[in-house]
Amino acid sequence: MSKPSIPQGTRDFGADVVRKRSYIINTIKNVFELYGFEPLETPAMENLDTLMGKYGEEGDKLIFKILNNGLSDPKNTDKAKMAFENVLQGKNDKNLTERALKYDLTIPFARYVAMNHGQLTFPFKRYQVQPVWRADRPQKGRYREFYQCDADVVGSTSLLNEVELANIYSTVFQKLNMDVDIKINSRKILSALAELCGGTDKLTDITIAIDKLDKTGIEKVKEELLQRGLSENQVIVISQYLAIDGVNTEKLNKIKALIGTTVMGVKGIEELEYILNYQPPANSAQQLSIDFTLARGLNYYTGIIFEVKAKNVQMGSIGGGGRYDDLTGLFGVPNIPGVGISFGVDRIYDVMEELKLFPPEVHSGTQVLFFNLGDAESKIAFSLMQQLRDKGLRCELYHEQSKFDKQFKYAERKQIAYAVMIGSRELENNTCIIKKLGTGEQSAVGLPDLIRYSF
RNA sequence: GUGGCUGUAGCUCAGCUGGUUAGAGCAUCAGAUUGUGGUUCUGAGGGUCGUGGGUUCGAGCCCCAUUAGCCACCCCA
């Protein structure tokens, strides 16, 4: 028997971690509900068809596939062997695998909408908090099993949705006391840029290259663009684009000068202006900031895109999203536009832990420990404890009679705030001793009064 | 998928240019202490040094392979 272990990139969560994670998740859920979103859950696994081809070539490689059952049955042997040959050539084969763990929440949601569009009330606003799985190599802030919190609106093209989602971002991070940079851009602006530089078929090449600007610097980006087949002149236009800086209004003026001649560019700029007009000007800390280098990898985005990064800490993006015009079209139901955002719970947790942002109230374990000082004593203690439990206090009676030492240590390790001691002496005069473990102060209280004691 | 670093007690680690029986702190258990903890003291248990092979009179230390974890790239939350 080898040492017990868990798969790479997965984690067990102890009490303390679960409480902190719940704190994050509940904060996000509450804000989603405030904005009228309703919960949805979908299965851990989807049919492989549902997921394949939706995340680009790289994404497809990272989908966890589930091996079919029954392959060892002799009557399946030939099929399985042929299927395996296909898999070795990088193809998928239903005879070997037809299911996969979900890779994100958006595509399963689109599948759900496509399946149920007849019954849903549009615009349909749903939120979803569930784990997803990616066969990435784990590293800092990257896990193979992690949670996403998504909110999407489908069936509406109104930019008011983008405004609301942007507000959800700022509200949530404000509640979590996190300092973040909420970046916004429009795919339409990127398309306009591509139109000016070698055609729309170059859009992906351009976005991949400029996305690396803050990591590798402008020279490397130019190199990569040339390698990807753009001309010198086109690269010059892109460097002008990337050189745009200043506050949002300055950026908007500069982008107008550059791509204001294209239909697509004008549209993109209008969208950004619309959303920024709804921003409270005073609230500069949580203000959206335009970032024209923001591209986002997922290729189904068509309009406004968002990305959130934590300040003061080295961590990949902790949230992202955007508008997709025809997501359900992939599943045969066209003309349902949508827009959505996602929070990365695990990265938010890591950032908050690193910056020590969790409030102490997050700990919510046992509040009162009743000492066990004998059979008769603990019987009284038990009935009193039940009364306090009825009142909603979290209580425990130490599981066996033992030395004070042990019972104190138990309370200390579980961070229990109060100890209630009923020994033979207290039993005689019908009292108990309440001790506040933090300070060590203690007082005697009559047994009938314990129920009214304010812990 | 590509590259770098690390694996010694439950945890954090030390272990010199290879040399007797592999150590420390914390944690655990027992005792000093028969009703007041987090202090102190004493003692105890706990290791096939990640795994397999090689070099050597001799390997925790050197070499090779393998495995697991961490980090970076790629990509992303």
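Since the structure is predicted, the reported quantities are computational estimates derived from the model, not experimental observations. Hydrogens, waters and symmetry mates are skipped; everything else that's a heavy atom, side chains included, is used. To find a chain, count down the sequence lines: A is the first, B the second, and so on, and within it residues start at 1.
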So, are [X] and [Y] salt-bridged, with charged N and O less than 4.0 Å apart?
| X | Y | result |
| --- | --- | --- |
| A:K125 | A:D152 | no |
| A:R99 | A:E46 | no |
| A:D346 | A:R11 | yes |
| A:D291 | A:K251 | no |
| A:K309 | A:D181 | no |
| A:D60 | A:K54 | no |

When you compare the protein's N or O atoms with those of nucleotides 29-32 of chain B, which come within less than 3.5 Å of each other, and at what distance?
none

Whole-Å gap separating [atom2] ([N]) and [atom1] ([X]):
| X | N | atom1 | atom2 | value |
| --- | --- | --- | --- | --- |
| A:E58 | B:C76 | CD | P | 8 Å |
| A:D205 | B:C75 | CG | P | 12 Å |
| A:M315 | B:C71 | CE | C1' | 13 Å |
| A:D12 | B:G69 | CG | P | 13 Å |
| A:F343 | B:A77 | CZ | P | 14 Å |
| A:K102 | B:A77 | NZ | C1' | 15 Å |
| A:R144 | B:G69 | CZ | C1' | 12 Å |
| A:Y55 | B:C75 | OH | P | 18 Å |

Does A:R394 offer a backbone N or O that forms a donor-acceptor pair with the side chain of A:Q367 under 3.5 Å?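 A pair under 3.5 Å: yes.
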With A:Y143, the side chain to side chain donor-acceptor pair (under 3.5 Å) member among A:T10, A:D350, A:D136: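 The single option meeting the side chain to side chain donor-acceptor pair (under 3.5 Å) with A:Y143 is A:D350.
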Taking only residues two or more places apart in sequence, or in another chain, which ones meet A:Q386 in a side-chain hydrogen bond (donor to acceptor under 3.5 Å, both in side chains)?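 Per chain and number, A:Q386 pairs via side-chain hydrogen bond (donor to acceptor under 3.5 Å, both in side chains) with A:R389.
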Restricting to side-chain hydrogen bond (donor to acceptor under 3.5 Å, both in side chains), what partner residues turn up for A:S239, sequence neighbours left out?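 Result, side-chain hydrogen bond (donor to acceptor under 3.5 Å, both in side chains) vs A:S239: none returned.
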Write down the distance separating the [atom1] atoms in [N] and [M], rounded off to the nearest Å.
| N | M | atom1 | result |
| --- | --- | --- | --- |
| B:A77 | B:U67 | P | 30 Å |
| B:A44 | B:G60 | C1' | 26 Å |
| B:U12 | B:U6 | C1' | 15 Å |
| B:A22 | B:A65 | P | 30 Å |
| B:U17 | B:G58 | C1' | 16 Å |
| B:U55 | B:U42 | C1' | 47 Å |

Give one of base, sugar-phosphate or nothing for [X], where a contact means two heavy atoms less than 4.0 Å apart.
| X | result |
| --- | --- |
| A:I208 | sugar-phosphate |
| A:Y147 | nothing |
| A:G56 | nothing |

Residues in salt bridge (Lys or Arg N to Asp or Glu O under 4.0 Å) with [X], at least two apart?
| X | result |
| --- | --- |
| A:E307 | A:R296 |
| A:K61 | A:E58 |
| A:D16 | A:K20 |

N/O to N/O distances under 3.5 Å, protein versus nucleotides 34-40 of chain B:
{"from": "B:G35", "atom 1": "O6", "to": "A:S424", "atom 2": "N", "distance (Å)": "2.7"}
{"from": "B:G35", "atom 1": "O6", "to": "A:S424", "atom 2": "OG", "distance (Å)": "3.0"}
{"from": "B:G35", "atom 1": "O6", "to": "A:R425", "atom 2": "N", "distance (Å)": "2.7"}
{"from": "B:G35", "atom 1": "N1", "to": "A:E426", "atom 2": "OE1", "distance (Å)": "2.7"}
{"from": "B:G35", "atom 1": "N1", "to": "A:E426", "atom 2": "OE2", "distance (Å)": "3.4"}
{"from": "B:G35", "atom 1": "N2", "to": "A:E426", "atom 2": "OE1", "distance (Å)": "3.3"}
{"from": "B:G35", "atom 1": "N2", "to": "A:E426", "atom 2": "OE2", "distance (Å)": "2.6"}
{"from": "B:U36", "atom 1": "O2", "to": "A:K435", "atom 2": "NZ", "distance (Å)": "3.1"}
{"from": "B:U36", "atom 1": "O2", "to": "A:Q442", "atom 2": "OE1", "distance (Å)": "3.3"}
{"from": "B:U36", "atom 1": "N3", "to": "A:Q442", "atom 2": "OE1", "distance (Å)": "3.4"}
{"from": "B:G37", "atom 1": "O6", "to": "A:L437", "atom 2": "O", "distance (Å)": "3.3"}
{"from": "B:G37", "atom 1": "N1", "to": "A:L437", "atom 2": "O", "distance (Å)": "3.3"}

Here RNA chain B, pairs taken as Watson-Crick or G-U under 3.5 Å and shown with ( ), [ ] when crossing and | when to another strand, reads (((((((..((((.....[...)))).(((((.......))))).....(((((..]....))))))))))))....
Which letter, B, S or -, goes with each nucleotide of nucleotides 1-7 of chain B from 5' to 3', with contact meaning a protein heavy atom under 4.0 Å? BBB----
A:Q139 side chain N/O closer than 4.0 Å to the phosphate oxygens (OP1, OP2) of B:A72?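 True: A:Q139 side-chain N/O within range (under 4.0 Å) of B:A72 OP1/OP2.
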Closest-nucleotide 5' rank along RNA chain B - winner of A:P138 and A:E307: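 Closer to the 5' end of RNA chain B: A:P138.
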Please list all pairs passing the side chain to side chain donor-acceptor pair (under 3.5 Å) test where one or both residues lie in residues 440-452 of chain A, with sequence neighbours left out.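 Qualifying pairs, neighbours excluded: A:T439-A:E441, A:D449-A:R452.
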Go through it in stages, so that I can follow the logic: the residues are A:Y169 and A:F343, the test is ring-ring contact (aromatic ring centres under 6.0 Å, His included), and I'd like the CA-CA distance, side-chain angles, deciding distance and then a yes or no. CA-CA 9 Å; A:Y169 266 142; A:F343 290 83; 5.0 Å; yes
Would you list the pairs meeting salt bridge (Lys or Arg N to Asp or Glu O under 4.0 Å) in which at least one residue belongs to residues 420-436 of chain A, sequence neighbours left out?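 Every pair satisfying salt bridge (Lys or Arg N to Asp or Glu O under 4.0 Å) with a residue in residues 420-436 of chain A: there are none.
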Within a radius of less than 6.0 Å around CE of A:M52, do more than 12 heavy atoms belonging to other residues, nucleotides or ligands occur?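 It does: A:M52 CE has more than 12 such atoms within range.
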For residues 347-364 of chain A, which residues have at least one heavy atom under 4.0 Å from RNA chain B?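 Contacting residues: A:R347.
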